[in-house]
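Here's the structure, in structure tokens; my notes come after.
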Number of protein chains: 2
Amino acid sequence: MIFLEQHSKYRELLKREGIKNTKHRTAILEILEESDSPKTAEQLFISLKDKTASIDMSTVYRTLDTFTSKNLVVKSNRVDDGKALYEFNHHEHKHHLLCVGCHKLISIEDCPIGELQQILKRKIDFDITGHKLEIYGYCRDCKNFKEPSTDSEDV
Amino acid sequence: MIFLEQHSKYRELLKREGIKNTKHRTAILEILEESDSPKTAEQLFISLKDKTASIDMSTVYRTLDTFTSKNLVVKSNRVDDGKALYEFNHHEHKHHLLCVGCHKLISIEDCPIGELQQILKRKIDFDITGHKLEIYGYCRDCKNFKEPSTDSEDV
DNA sequence: TTCTAATTGCAACTGCCTTGCATTTGCACT
DNA sequence: AGTGCAAATGCAAGGCAGTTGCAATTAGAA
């Protein structure tokens, strides 16, 4: 029974953090872990309506806040409208490519910050503890449809 | 008269974009250009009250929207609360170091994206048009006071 | 100076998110 | 299994950043 295994996995996760196991919480963890891209609270709300009986938006927000403070979930803000985004914390270091054409989000492991870190340390005595890198552009499917390039400045 | 020179400079900027020259607009451009870090609409609103007679928040937002669409201003979102930030577009490529201790913002010209661009192009056929890189850590003044390092993960 | 479209102030409103409170529920301990 | 209590939830109201409709004002071209 895959479902049972899955749920006992989330149950352990919650127990480890010292918070109670509820159907809403496992449902939210499940949706987020299965999702390959960050979700807004409302997208989660809609998915949850299908999965569990019903849930209130305040519960969604409170649960996501709890998960974020426990580092089970990573919170960020969407670039265009500033809306909050939540994704399962896989504890791996990765960045996203955002396609400007179709808004697809592609995960990559490449990270060029390592070398920069040494340079900054030496040049201006700054100790890096974390960073955020977002890359915009056109994916393979969209690059052929983009308008005649204006000025590929700022790259 | 430095002030006159300054204002005629903004006047030209606005004329070039085909939008009218008003005291609010020059005031906003002036504040943003003189500021070394991005500002929220409300911070601007407060600065503006000192400078010009009075201004409405809706005017602030509308002006900033106009400037953003004309690329005179760059809009982003604050990391912690998602609030909108606006900064003068100096049309130079730079990134910021944000000190986690004192919240100082340090500008750097180092940018490690150039090399990454070739890699991504070759590996997954993705054309970069832009990117955003934020780096967090401790500046020289704060590094001595940071708490005994827990786990310098995610760097 | 005159005319017109752009800009502004005001007030009401939207949407995301939060909070207070009464009710329910998970779960540790018998 | 039953009990007790803190944690979690639903509901409704509220807070706050940002938006919008509209009438009054103003920049700037003719």
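Every chain is numbered from 1, with letters handed out A, B, ... down the list of sequences. Values below: every heavy atom of this structure, side chains too, minus hydrogens, waters and symmetry copies.
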Do side-chain atoms of A/R25 reach the backbone of A/T63 as a donor and acceptor pair under 3.5 angstrom? no
Would you indicate what A/R25 reaches in the nucleic acid, counting non-hydrogen atoms under 4.0 angstrom: base, sugar-phosphate, or nothing? sugar-phosphate
Assuming nearest nucleotide by heavy-atom distance, tell me which of A/R62 and B/Y86 is located more 5' along DNA chain D. A/R62
Quick check on the helix from C/dT1-D/dA30 to C/dT30-D/dA1: what's the angle between its two end axes, five base pairs per end, to the nearest 10°? 40°
Using a heavy-atom cut-off of 4.0 Å across all strands, would you classify A/N21 as base, sugar-phosphate, or nothing? sugar-phosphate
By nearest nucleotide on DNA chain D, pick out whichever of B/K20 and A/T66 is the more 5' one. A/T66
Min side-chain heavy-atom separation A/K121-A/Q117 under 4.5 Å: no
Would the distance check show the side chain of A/T59 and the main-chain N or O of A/I55 forming a donor-acceptor pair, the cut-off being under 3.5 Å? no
Is there a side-chain contact between A/L133 and B/L133 in this structure, where contact means two heavy atoms from C-beta onward sitting under 4.5 Å apart? yes
Quick one: does any side-chain atom of A/Q43 pair with a main-chain N or O of A/T40 as donor and acceptor, under 3.5 Å? yes
For B/S58, answer base if it contacts any base atom (sugar-phosphate contacts may also be present), sugar-phosphate if it contacts only those atoms, and nothing otherwise; contact means non-hydrogen atoms under 4.0 Å. base
Apply salt bridge (charged side-chain N to carboxylate O under 4.0 Å, His left out) to B/D110 and list each qualifying residue two or more places apart in sequence or on a separate chain. A/K123
In the structure I gave you, are the side-chain heavy atoms of A/L64 and A/T66 within less than 4.5 Å of one another anywhere? no
Is a side-chain donor-acceptor pair under 3.5 Å present for A/H131 with B/H95? no
Restricting to ring pair (Phe, Tyr, Trp, His ring centres under 6.0 Å), what partner residues turn up for B/Y61, sequence neighbours left out? none
Applying ring pair (Phe, Tyr, Trp, His ring centres under 6.0 Å) to B/F88 and not counting sequence neighbours gives B/H90
Would you say B/E12 and B/Y10 are linked by a side-chain donor-acceptor pair, where the criterion is simply a distance under 3.5 Å? no
Of all nucleotides in DNA chain C that come within under 4.0 Å of a heavy atom of chain A, which is furthest toward the 5' end and which toward the 3' end? C/dC16 to C/dC27
Would you grab the first and last nucleotide of DNA chain D (5' to 3') that comes under 4.0 Å of any non-hydrogen atom in chain A? D/dA6 to D/dC11
